[in-house]
Structure formats: C-alpha cells, structure tokens
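To find a chain, count down the sequence lines: A is the first, B the second, and so on, and within it residues start at 1.
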There are 2 protein chains.
Amino acid sequence: MSRGWDDLRADLLARIRAREWPPGALIPAEEQLALAYGVARATVNRAVQALAEAGVVERRKRAGTRVATLPVRKARLDIPVIRREVEGRGQTYAHRLLTQRREVLPAGPAARLGLAPGVPALRLETLHLAEGRPYAYELRWLNPAQLPPDLPDFAVLSANEWLVATVPFVSGDLVFGAEPASRAEAAALDTDPGAPLLVIERTTRGLSGPITFVRLCHPPGHRVTMHL
Amino acid sequence: MSRGWDDLRADLLARIRAREWPPGALIPAEEQLALAYGVARATVNRAVQALAEAGVVERRKRAGTRVATLPVRKARLDIPVIRREVEGRGQTYAHRLLTQRREVLPAGPAARLGLAPGVPALRLETLHLAEGRPYAYELRWLNPAQLPPDLPDFAVLSANEWLVATVPFVSGDLVFGAEPASRAEAAALDTDPGAPLLVIERTTRGLSGPITFVRLCHPPGHRVTMHL
DNA sequence: GCGGCTATTATGTATAGACATATTAGGCGA
DNA sequence: TCGCCTAATATGTCTATACATAATAGCCGC
C-alpha cells in the first residue's frame, strides 16, 4: 500500500475527498498519522506539506492542519513553446516571420511592460502554422535594452525559442481574453474580420527589466485546456 | 544567508537564472552542493526537488540534475468562487437564477461529462452581476445521480458554492475559448449578438461519476490573469 | 570490435533524533 | 474579571545514516 510519501499523500487526499475529514476540520497530528501508517513523522510531513502546497489543507504551527474551506481550486497550465504544442499533437509545425522592424513602443504594450511609450523597441509579427493551416498570429514587442546586441535571424529560429534559451527571465504574467479579429488578424488567420479570437497576452520580465510582451491570437474554435 | 531549504532553493534558482549553469548544463551533485553550502544532503535534496517540481531543472538518477532546456513554463490559476472573485475587487456581487428545470442532457454537455445523451439532468441558467452589471452568464448541467436528494434553493445559494461545500469532487478540467454571443447570451450580458465572449467551460467529476458541467460566458473586455 | 554483464554513481526516499518557532490554553496576579 | 505570562504542543526544519533504484561507464569474453 505505502511505498513513498507520495502514496501517503494520495491516500490522505482520497480520505479528504471522501469527506472523512470535512472542510474546516482538523486532521490528526503528524505524529498520530505516522503511528497509524507505520512511517516516520518526516514522511508524513513531506506528504502533508505537498497537500498544503496544492491548497488542499492549511497548516499553522500549534493550531494543526485543517482541510481548506472554500478550496480555491488551483489549475495548472503548462505552457510549452508553440512548436512543441503543435508537434505534441502529432502535427507538423512551421512559422513565418511576417514583419520585423524597429519601432517606437505604443502606449498599450508600454503599459504592460512598465516602460515609457515612445522608447525604441523591436516589433515582430509571426504566423504559426500547424499542418499548414494558421494556428496562431503572434505580435511581439522586444525591449532591446534587455537583449544581447547580436540578434539571430528570427525567420529561422522563432523568437520565443531563442528567448527561453538565451535571456534569463524571472517573472511574468498571462492574460486571457476574447476579441474580435481586426482586418489584419483575420487575413493572417484566414478568417473573417470581427470573428471571435482567443487572445493570450504574455509579459515577461527579467532581473533588470521587462523583456518582451507577446500577443497571441488564435483562430475561432481554438481551445486551451487546463486540469484541476 | 541560509536558514531553511527554501532559501537554498531561491539561491540555486538565482544562480540558474543568472546563467551560472546554462540551460542543459549539469549542476553539481547533491553531495557537492551540501558540502559547498555546509548543509546536509537531505536539505539540498528538498531544495532541488522543489526546483524540479517547478520545472526549472530535470533530474534523472545517475545522470544527475540539469537545468531544463525549453522550460515548460507552468502558470497557476487560482479559481475562486465567483462571488469571491467579484468581492475581491471590492465590487458588490449579486446573482439571478434565470431558469431551473429538469431536462434531458444534450449531446454536447453529455460528451463532456462522459454520460449518454438523453439521460435526465438538472439545467440551471444563472446571471452573475458585479456592481449591478453583467459579469458572467452561466449555463450549468448537474448530474442528479451524483447529488444528494434534497437540493437547496439555488436562487439564494449559488450552485457553485453549494457544490463545493457539499459534494466531494475528485478531478476536473477547464477549457478556455472564444465564441460569438448567441442571441440569448447577448441579451443576458447586455451586449450584441456575435460579440466575442470569453468562454470558460468546466467539468467536475467525483469519485463515482461526473458531477457537473458549467459553461461561463464573460462579456467582451473580460480578462483572466494568471501568474508565471 | 561488439554485446552483454557488473560496478559505480547520483538521485529517491526512509528513519530517528534533535532543536526551532509559532500559537494556544491555562494559570496567576492585580 | 481582565490582562499578562508561561508551559504545552504541533508544525518546520535539519542532521546523519541507511538502503533502494536507475542509468551509465567500463570491463570481459568472444
């Protein structure tokens, strides 16, 4: 039954899900669980700690461990590089660099990056293709101040893959929204203007400043799945 | 400098981010790190294990620990109950139960729940309001086979809040998409038919079967934010 | 040189014991 | 009775040691 703290974690989770200890209730102390399962307290600790990280229980010293009430369900989204995402479905991947030019940063991306509008920036438009059909239309703004001086040929190596392999990132955020396709987006994605697009915007920051802001538009019907 | 494995984890992460060990490179073995930091190997293990869970490094026995190439970035989304979500922004929350009736399950929701189309189900339409304005239009299908016989008045207590407090859930998934507003959705959300809606569909399963399928439509401009 | 077996090595995990720390319950004094 | 202090207690963490497991490196026979 039990070989490893992860099995213990799974067993405790099952008992919590089965309402053996209802939300808000205290579960037995580590020492008692250790005794009951015939393992060391450190093992119980590791298991319960993992449950706490997952948000299933809440722990406080002396007060004990209790099952979380109104469990804020945490969903985890794995964001692979787009090429992997497509290839993971067994489809062929390709991308086309549509435009690449230096341009001053407009207000929208500037606000998201925390930079002043009007500073110089590198602007890339890329179309990602799966099985030869449009998969995503990408508009990316790069902050040259945070990049190495010699840039690669983005027509060959996608900007995203180059970035993750080259520039250390520290934090970032991700925003989901739905927006009507502009004329340019509709043309790129081979759909109609005004069609609902799933838009994913990503901001990435490094140690010493913002690195890039990406806006990914997916054609109608595209879905992003997460697991609870 | 070092009090606790989490500080060690943070320090190692900083060194990785600083490219001291570039992506794909091996980092020193646990024993060497333990020696270098003057801690026990178990402490190093706990720290590196946390980094591995976060996807920063990849570990294989005998082969050692290496910095992840193409790091699959993991974003975590906290999904609170809608009431909390709204109140958390300092806005007033209200909801209106639009319809509640027993109906046979249509093909779409049936497929998502893993049930046969045509089985009896409970169908709820709810409008969530923030600050008196439409926040989300919810269409929910409940599987009566998995519910207690006596249901509450969903006009008072929202179905979601009642569920999380009453029915044990085991797993589920979450799908994001963008869809044009139907006439009914447009009317409920006070927008135009065809307007792009952010649609979030959630399936929830319990120990002995599927519990509920929810489709949440958010009005144009709505955004969902996650942090990396 | 080649294929397969074995020794080595790094991680995975467990254990017992110890001390640290936060928090609460209860006692004690004003 | 109220407020403060202290002792008890549950978790947090570390150490040292041990054995398990997986994967590689290298040896050995052919």
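- With sequence neighbours left out, the side-chain contact (heavy atoms from CB on, under 4.5 Å) criterion links B:E20 to B:R15.
- B:E58 has its CD atom 17 Å from the C1' atom of C:dG12, to the nearest Å.
- Partners of A:E131 under the side-chain contact (heavy atoms from CB on, under 4.5 Å) rule, at least two apart in sequence or in another chain, are A:Q91, A:T92.
- In this structure, the helix from C:dG1-D:dC30 to C:dA30-D:dT1 shows an angle of 10° between the axis at its start and the axis at its end, each fitted on 5 base pairs and rounded to 10°.
- Residue B:E53 contributes atom CD, which lies 16 Å from atom P of C:dT11 at whole-angstrom precision.
- Closest-nucleotide positions on DNA chain D for A:Q49 and A:G64 were compared, and the one nearer the 5' end corresponds to A:G64.
- The distance from atom CG of B:D6 to atom P of D:dT11 is 20 Å, rounded to the nearest whole Å.
- Proximity of B:R59 to the phosphate of C:dG12: a side-chain N or O atom is located under 4.0 Å from OP1 or OP2.
- Every residue meeting the salt bridge (charged side-chain N to carboxylate O under 4.0 Å, His left out) condition with B:R59, not counting sequence neighbours, appears here in chain and number order: B:E30.
- Using modelled atom types, one finds a donor on one side chain and an acceptor on the other under 3.5 Å when comparing B:R46 with A:Q49.
- Distances shorter than 4.0 Å separate none of the side-chain N or O atoms of B:N45 from OP1 or OP2 on C:dT11.
- The CZ-P distance, from B:R41 to D:dA18, rounds to 13 Å in whole Å.
- Listed by first and then second residue, the ring pair (Phe, Tyr, Trp, His ring centres under 6.0 Å) pairs involving residues 129-153 of chain B are B:Y135-B:H218, B:Y135-B:H222 (not counting sequence neighbours).
- Atom CG in A:L8 sits about 12 Å away from atom C1' in C:dA14, given to the nearest Å.
- Between the side chains of B:S208 and B:Q146, at least one donor N or O sits under 3.5 Å from an acceptor N or O.
- Within residues 24-32 of chain A, the residues approaching DNA chain D are A:A29, A:E30, by heavy-atom distance under 4.0 Å.
- A:E85 meets the salt bridge (charged side-chain N to carboxylate O under 4.0 Å, His left out) test with no other residue; sequence neighbours excluded.
- The salt bridge (charged side-chain N to carboxylate O under 4.0 Å, His left out) check on B:E87 picks up B:R83, with sequence neighbours excluded.
- Remark: A:T65 is not in phosphate contact with D:dA10, judged by side-chain N or O atoms under 4.0 Å from OP1 or OP2.
- With sequence neighbours left out, B:P149 forms a side-chain contact (heavy atoms from CB on, under 4.5 Å) with no residue at all.
- Every residue was checked against the ring-ring contact (aromatic ring centres under 6.0 Å, His included) condition with A:W21, not counting sequence neighbours, and none meets it.
- To the nearest angstrom, C1' of C:dT11 lies 15 Å from CG of B:L51.
- Residues passing the side-chain contact (heavy atoms from CB on, under 4.5 Å) test with B:D153 are B:A155, B:V156, sequence neighbours excluded.
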Got a list of protein N/O to nucleotides 24-27 of chain C N/O distances below 3.5 Å?
{"unit_1": "C:dT24", "atom_1": "OP1", "unit_2": "A:R60", "atom_2": "NH2", "d": "2.5"}
{"unit_1": "C:dT24", "atom_1": "O4'", "unit_2": "A:R62", "atom_2": "NE", "d": "3.4"}

